[in-house]
Amino acid sequence: MSPDQKTQLVCSLQELDYCVGMCGDGANDCGALKAGDALRSLRREGRCSLVTSFGVFKYMALYSLVQFVCVLLLYTINTNLSDFQFLFFDLIITTTVAVLMGRTGPARELGVERPQGALISVLVLGSLLLQTVLLITVQVLSYFITISQSWYVPLNSTVTAPQNLPNYENTVLFCVTGFQYLILAVAMSKGYPFREPLYTNVLFLVVLILLFGLMIWLTLYPLGFPKTLLKLQGIDDLNFKLLLLGVAALNFFAAFVLETRLRTPGTGTYSRRDVASLFPLLAGRNH
């Protein structure tokens, strides 16, 4: 049936004094859904698309804030990220993650709760605010932990970057923010109740594992060409580098908990069969 025919059928049944129910899952059902007395839209893909769009928006906003805070901290001590560090974050991590995180499919069951319909809402803005506070805290904490080490040597602040690269502050913040980009990608990719779990997006999962592995390697043993290209300062204290990994793990846990708790509670799901079973009752009931 065409969309117009579906609408005409609903209207014709209503003219016969029936209370008409309509169940649809596509754009061509919109007219009939609007005309019906009792309706149920089963468009799981629409909910998934909306939640994914919000997730990508929050990720890109927080990505900018991560880099802004990092650069601001480095500016205060008269240094900065190197050119290839910027390229590494923008091209290898952020672009790859932003493209793949939207490939997660819709949930198989239709939840009773609805996703947020507006960007300007308490949940969206609250998520951005709390994640911003968290990322600032982690970066500032990492900086002060670095300058408190016995082996720490202050950089030459009489010159600016790239002349004073590599240095300890730059290297530590590079490692910490590299993890934050990946942590936020995971936190903004939660599945239930509108999308399938993250692990079903196989390509995204593989890329995340590879990038996490790359950041762990750059934190623990940055050797050879990558170390020179990215202008990373060698740190011999293994305990300190393990501490950085611990800070990243704590950041991951806190970010994930924040995103998990900041959502509207739901209670159960409806399947297509559950909703369709209502229609014999609706179709046979007169006004």
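Index from 1, following the sequence.
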Checklist entry - How long is the gap from CG on L125 to CG on L130, to the nearest 0.5 Å? => result 11.0 Å

Next on the checklist: Applying side-chain hydrogen bond (donor to acceptor under 3.5 Å, both in side chains) to Q180 and N251, what does each step give before you reach the verdict?
Outcome noted: CA-CA 8 Å; Q180 286 184 328; N251 190 172; 3.2 Å; yes

Item to check | L214 and F88, any side-chain heavy atoms less than 4.5 Å apart | outcome: yes

Item to check | Step-by-step side chain to side chain contact (heavy atoms under 4.5 Å, CB included) determination, F174 to L74 | outcome: CA-CA 10 Å; F174 168 82; L74 294 175; over 6 Å; no

Next on the checklist: Can a donor-acceptor pair be found, under 3.5 Å and without considering hydrogens, that links the side chain of Q85 to the backbone of L230?
Outcome noted: yes

Next on the checklist: Taking side chain to side chain contact (heavy atoms under 4.5 Å, CB included) as the definition, give me every residue that meets it alongside Q163, ordered by chain and number, with sequence neighbours left out.
Outcome noted: V159, T160

Item to check | Flag if over 12 foreign heavy atoms under 6.0 Å of CZ, F84 | outcome: no

Checklist outcome for this item: Between A255 and L134 the two heavy atoms that sit nearest each other are N-CD2, 3.5 Å

Item to check | Check: Q139 side chain, C70 main-chain N or O, donor-acceptor pair, under 3.5 Å | outcome: yes

Next on the checklist: Using a 4.5 Å cut-off between side-chain heavy atoms of Ile, Leu, Val, Met, Phe, Trp and Tyr, which other residues end up in the same hydrophobic cluster as V202?
Outcome noted: V206, L210

Next on the checklist: Restricting to side chain to side chain contact (heavy atoms under 4.5 Å, CB included), what partner residues turn up for F57, sequence neighbours left out?
Outcome noted: L119, L128

Checklist outcome for this item: With N164 as partner, the option from N156, N78, T79 fulfilling side-chain hydrogen bond (donor to acceptor under 3.5 Å, both in side chains) is T79

Next on the checklist: T146: which residues meet the side chain to side chain contact (heavy atoms under 4.5 Å, CB included) condition with it, sequence neighbours left out?
Outcome noted: Y152, Y168, V172, F240

Checklist outcome for this item: For W217 and P226 the tightest heavy-atom approach is CH2-CG, 3.5 Å

Next on the checklist: Using modelled atom types and a 3.5 Å cut-off, is there a donor and acceptor pairing between side-chain atoms of Q149 and backbone atoms of I145?
Outcome noted: yes

Checklist outcome for this item: With sequence neighbours left out, the residues meeting ring-ring contact (aromatic ring centres under 6.0 Å, His included) with Y63 are Y181

Item to check | Worked verdict on T96 versus L100 for side chain to side chain contact (heavy atoms under 4.5 Å, CB included) | outcome: CA-CA 6 Å; T96 306; L100 296 178; 4.0 Å; yes

Checklist entry - Checking N167 side chain against P154 main chain: does a donor-acceptor pair fall under 3.5 Å? => result no

Checklist outcome for this item: Correct closest heavy-atom pair for L238 and Y221 would be CD1-OH, 4.2 Å

Next on the checklist: Could you report the tightest heavy-atom contact between T7 and A35, atom names first, then the distance?
Outcome noted: CG2-CB, 4.4 Å

Checklist outcome for this item: Smallest heavy-atom separation, G178 atom then F89 atom, equals CA-CE2, 3.6 Å

Item to check | Non-hydrogen side-chain atoms of W151 and D236 separated by less than 4.5 Å | outcome: no

Next on the checklist: If hydrophobic clusters are built by linking Ile, Leu, Val, Met, Phe, Trp and Tyr wherever their side-chain heavy atoms come under 4.5 Å apart, do F54 and F256 end up in the same one?
Outcome noted: no

Next on the checklist: According to side chain to side chain contact (heavy atoms under 4.5 Å, CB included), who are the partners of Y199, at least two apart in sequence or on a separate chain?
Outcome noted: P197, L205

Item to check | Rounded distance [0.5 Å steps], CG in L232 versus CG in L165 | outcome: 9.5 Å

Next on the checklist: Is the shortest side-chain heavy-atom distance between L198 and T104 below 4.5 Å?
Outcome noted: no

Item to check | Residue pair V71 / F86, side-chain heavy-atom distance below 4.5 Å | outcome: yes

Checklist entry - If Ile, Leu, Val, Met, Phe, Trp and Tyr residues are connected whenever their side-chain heavy atoms lie under 4.5 Å apart, and connections chain through other members, are V66 and L129 in the same group? => result no

Next on the checklist: Distance check, rounded to the nearest 0.5 Å: Y143 atom OH versus L141 atom CG?
Outcome noted: 13.0 Å

Checklist entry - NZ/K6 to CE/M22 distance, rounded to the nearest 0.5 angstrom? => result 5.5 Å

Checklist entry - Under 4.5 Å between any side-chain heavy atoms of T94 and M60, yes or no? => result yes

Checklist entry - In terms of heavy-atom contacts, does CG of D237 have more than 12 from other residues, nucleotides or ligands at under 6.0 Å? => result yes

Checklist entry - Are any side-chain N or O atoms of S189 and backbone N or O atoms of M101, one a donor and one an acceptor, separated by less than 3.5 Å? => result no

Next on the checklist: Determine whether a donor-acceptor pair (N or O, by modelled atom type, separation under 3.5 Å) exists between the side chain of K231 and the backbone of S82.
Outcome noted: no

Next on the checklist: Has K58 got a side-chain atom pairing as donor or acceptor with M188's backbone, closer than 3.5 angstrom?
Outcome noted: no

Checklist entry - Just how far is it from atom CG of L220 to atom CG of L245, taken to the nearest 0.5 Å? => result 5.0 Å

Checklist entry - Looking at side-chain heavy atoms only, is the closest gap between Q14 and D37 below 4.5 Å? => result yes

Checklist entry - Could you give the distance from CD (Q131) to CG (L62), rounded to the nearest 0.5 Å? => result 6.0 Å

Item to check | Side chain proximity check, F212 to V186, heavy atoms < 4.5 angstrom | outcome: yes

Checklist entry - Which heavy-atom pair separates G102 from T52 by the least distance, and what is that distance? => result CA-CG2, 3.5 Å

Checklist entry - Do you reckon V133 sits in the same ILVMFWY cluster as V140, going by side-chain contacts under 4.5 Å, direct or chained? => result no

Checklist entry - Are F179 and F252 near enough that their ring centres are under 6.0 Å apart? => result no

Checklist entry - Are the side chains of N239 and L243 in touch, meaning some heavy atoms are under 4.5 Å apart? => result no

Next on the checklist: Under a 3.5 Å threshold, yes or no: a donor from one side chain and an acceptor from the other, between Q233 and N170?
Outcome noted: no

Next on the checklist: Please evaluate residues L211 and I92 with respect to the criterion side chain to side chain contact (heavy atoms under 4.5 Å, CB included), reporting the C-alpha separation (whole Å), side-chain torsions for both, the decisive distance (0.1 Å), and the verdict.
Outcome noted: CA-CA 9 Å; L211 290 176; I92 296 180; 3.9 Å; yes

Item to check | Verify same cluster id: F68, L73 (apolar side-chain graph, 4.5 Å) | outcome: yes

Next on the checklist: Hydrophobic clustering (ILVMFWY, side-chain heavy atoms < 4.5 Å, transitive) - are L72 and V69 grouped together?
Outcome noted: yes

Next on the checklist: Determine whether a donor-acceptor pair (N or O, by modelled atom type, separation under 3.5 Å) exists between the side chain of R195 and the backbone of K190.
Outcome noted: yes

